[in-house]
Amino acid sequence: MDEDGDLDFLLPPEQVIGPGENGLKTVIEYKFNDEGSKLASARLNKRAIERRSWPKFGDAANEDAGGRLTMVSTEEILMERPRAPGTKADESKAAGDSLSQLSKGGAVLMVCRTCHKKGDHWTSKCPYKDLAAPADVFTDKPPTAETSTVSAAPGTGKAAYVPPSMRAGADRSAGGSDMSRRNDENSVRVTNLSEDTREPDLMELFHPFGAVTRVYVAIDQKTGVSRGFGFVNFVSREDAQRAINKLNGYSYDNLILKVEWATPRPT
DNA sequence: TTTGAGCGG
């Protein structure tokens, strides 16, 4: 109830004096004022006295006049859910928004930061995302003729920075000097797993060959059962190669494992 | 049978 009550624990406790013979009770309470200093105030709860004479109602109707002042209600209160299925769908249609857009979290909020198109796709799904960085990023690093390829961000007319790895003729082969890219290349695909092989099993099987950054087992979302293949990522390409050499054709859970380099999934 | 999931604003 108290908006800025987070420091109230620093204050002295409330004091209640009385009720005296006039039936009045004195309450001394402490508060911070706007400048943050401590204040004490006293109030007389005359109104509480007055409330005692009010007629009782509801569950308290049978209580004595001088009995409990408050009751815990057992009444059920049903909350309205404006977005509950089937309640407002018709209105949404009437408003002209397609349901598919609504299900993506609201058409208005979905504005691509790369091409600035509204309601069509997220930034990560932008068809131009490999072509141009978001127009409002890298403004402190204007592209220069020697170090970058300049292309136009569609619809903006602005030149956009293209990172070296994205430029035409960039070396995308494995094991180069490009550290950020190399990690993806150390991904090993494992197939012909038994269906009760899980990620900890893969970790146990592969980590003796070197540092493993990630293991993954494909799980059927409907049945929860393994789809029989997975991926293991190694820090070092050499370790991954040794694991392939040793574990490809290895008998595991009565099945012959197939272990080979994974090629990046098409996006 | 067999090349991963879904978030995010």
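Below, read A as the first sequence line, B as the second, and so on, with proteins coming before strands; counting in each chain starts at 1.
- At the phosphate of B:dA5, OP1 or OP2 sits under 4.0 Å from a side-chain N or O atom of A:Arg227.
- B:dG4 has no base stacking with the ring of A:Phe229 when judged by centroids under 5.5 angstrom apart and an interplanar angle below 30°.
- For A:Thr123 and B:dG9, a side-chain-to-base donor-acceptor distance below 3.5 Å is present, hydrogens and geometry of angles not being considered.
- Here A:Trp122 counts as stacked on B:dG8: its ring centre is under 5.5 angstrom from the base ring centre and the planes meet at under 30°.
- In this structure, CG of A:Leu202 is placed 14 Å from C1' of B:dT2, rounded to the nearest angstrom.
- In this structure, CG of A:Leu257 is placed 16 Å from P of B:dT2, rounded to the nearest angstrom.
- Within 3.5 Å, no donor on the side chain of A:Arg113 pairs with an acceptor on the base of B:dG8, nor the reverse.
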For residues 243-253 of chain A, tabulate all N or O donor-acceptor pairs below 3.5 Å that involve a side-chain atom, not counting sequence neighbours.
{"residue": "A:Asn245", "atom": "OD1", "partner": "A:Gln241", "partner atom": "NE2", "Å": "3.1"}
{"residue": "A:Asn245", "atom": "ND2", "partner": "A:Gln241", "partner atom": "O", "Å": "3.3"}
{"residue": "A:Asn248", "atom": "OD1", "partner": "A:Val259", "partner atom": "N", "Å": "2.9"}
{"residue": "A:Asp253", "atom": "OD2", "partner": "A:Ser194", "partner atom": "OG", "Å": "2.7"}

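- Sorted by first and then second residue, the salt bridge (charged side-chain N to carboxylate O under 4.0 Å, His left out) pairs involving residues 218-232 of chain A (not counting sequence neighbours) form an empty list.
- When side chains are defined from C-beta on, A:Cys115 counts as touching A:His121, because their heavy atoms get closer than 4.5 Å.
- Heavy atoms only, all atoms of each residue included: A:Ser226 and A:Val217 are closest at OG-CG1, 3.7 Å.
- Along DNA chain B, the nucleotide nearest A:Asn192 and the nucleotide nearest A:Ile219 are compared for position; the residue whose nucleotide lies closer to the 5' end is A:Asn192.
- Checking the phosphate oxygens (OP1, OP2) of B:dG4, no side-chain nitrogen or oxygen of A:Gln221 falls inside 4.0 Å.
- Minimum atom distance to the side chain of A:Arg214 is reached by B:dG4, of the listed B:dG8, B:dG9, B:dG4.
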